[in-house]
Amino acid sequence: MTTPKERTPMALQPLLDETATYASGFLEGLAERRVAPTATAEELREQLGGPLPDEPHEPRQVVADLAKRAEPGLMAMPGRRFFGFVIGGSLPAALAADWLVSTWDQNTGLYAPTPATSIIEEVCGAWLIELLGLPEDASFGFVTGCQMAHFTALAAARHHVLETDGWDVEANGLTDAPPVRVVLGEERHITIDRALRFLGFGVASLRPIPVDGQGRMRPDALGAVLAESPMPTILCAQAGNINTGAIEPLRAICDIGHESGAWVHVDGAFGIWAAASPTLRPLVDGIELADSWATDAHKWLNVPYDSGLVFCAHPAAHQAAMGTHASYLIHSEGQGRDPMDWNPEFSRRARGLPVYAAIRSLGRSGIADLIDRCCAHARRFARALGQAPGVEILNEVALNQVLVRFLDPGGDHDARTRATIKAVQEDGTCWLGGTTWRGKAAMRISVCNWSTTAEDVDRSVEAIVRAASRWRR
Ligand SMILES: Cc1ncc(COP(=O)(O)O)c(C=O)c1O
């Protein structure tokens, strides 16, 4: 039995070697294993549950059991034929760097105790700003996901628009504060509403703007709302609709918003990555004009979960909203960057490292190629499925998202679409989910994984068409 005291580097080596073997076995199996999990909740509880252990267990046995018993309940999510939600895989360098994050176990809230991990985030932040074409002097933070990136950016926005109106929200809170108008598209992502709720803006107070057929906010409808009265305003735009992938006309939205003094925030969870591809960059024209941006590295950059990114064109507002001081902390005085000044987290893992590794391993050209390739695969899906009988593509496939509807000769298209999604999930060749788009049930295909090939798309199309052909009312 190994007790914690005995965990010397010698005792650790076999444990880590074995864990590496489990990990590479899992990853190598992704190409051919059934994508969906097989185990039921009861089976998993039986395998993983039991009473609270009284005695220590041998670490090698703990990890061996964990790897074996959890496996049937895992989705091949980092695999090449997983097209659900909007989920990337893990680039090899990013995955390995993530292991180092846990190994080094650096609490990267401050520069002074862990200069290397802080400098890595500093370097990586500057790379990202260049890659995405954001203003050179923008501030940034490495957060857990786009949800917290919204929270951080919208906290900075709240600070800035109220400060402009003579109100210090950090000191005085929202009670008696001047009202803030929050304007956003009808088709924004739900995490925007959630971040606003966290910040004290009730969802009933939000001002939704009508959208076009692809879910993009209509700039012609925006001007009238902003012109109603001059008041502190936060305007949320979107680069990448969760269903259609459509990117809003960012230049027009920023221009109209700024005319009335609004802070413009962009939800670019995945769509902002169009900026990293010279071919797709025109889709995000004007993005650099916004005041804040939220995105993910765990989606299209293919960094392991969890990894979100926030950028802000007003570093003073960003720091005022997030920064904190205590006498026992060692705040950097100019020599380095304290991540906790830019993040909602206090203690935190060195979350920037896998992002750094992803960027170094792909380089600018490799990232452009990753984005372009995923979009080409999405078009391949749309072309092939669109030619199949009784299949309709519902969106303009400008990015990596495809919405598919299966027509029922009897007219119950929703039922056939939902049944086809379920049948594809059960078949296991690939995995994708469903949605309701404009009142119609649809299959959602999202291509985000670095390892997906054209052959994977063709195999998945075959599986989808096969599942659709089995439809019986
Ligand atoms: C447009 C958009 N915004 C925000 C999010 C939330 O991202 P996260 O899950 O990383 O918080 C998503 C997730 O799919 C998204 O597609």
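As the structure lists them, so they are numbered: ligands from 1, and atoms in each ligand from 1. Note that the structure is predicted; figures quoted are calculated from it, not measured.
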Checklist entry - Per the salt bridge (charged side-chain N to carboxylate O under 4.0 Å, His left out) rule, which among R383, R380, R81 passes with D458? => result R380
Flag side-chain contact, heavy atom, 4.5 Å: [X] against [Y]:
X: L154; Y: H265; value: yes
X: F151; Y: M148; value: yes
X: L301; Y: I359; value: yes
X: T420; Y: R416; value: yes

Next on the checklist: Using a 3.5 Å distance criterion without hydrogens, assess whether the side chain of N400 forms a donor-acceptor pair with backbone atoms of C448.
Outcome noted: no
Ligand 1: which protein N/O atoms lie under 3.5 Å from its N/O atoms?
| residue | atom | partner | partner atom | Å |
| --- | --- | --- | --- | --- |
| ligand 1 | 3 (N) | D267 | OD1 | 3.0 |
| ligand 1 | 3 (N) | D267 | OD2 | 2.8 |
| ligand 1 | 7 (O) | D296 | OD2 | 3.3 |
| ligand 1 | 7 (O) | K299 | NZ | 3.0 |
| ligand 1 | 10 (O) | C146 | N | 3.0 |
| ligand 1 | 10 (O) | D296 | OD1 | 3.0 |
| ligand 1 | 10 (O) | D296 | OD2 | 2.6 |
| ligand 1 | 10 (O) | H298 | NE2 | 2.8 |
| ligand 1 | 10 (O) | K299 | NZ | 3.2 |
| ligand 1 | 11 (O) | C146 | N | 3.2 |
| ligand 1 | 11 (O) | Q147 | N | 2.7 |
| ligand 1 | 14 (O) | K299 | NZ | 3.4 |

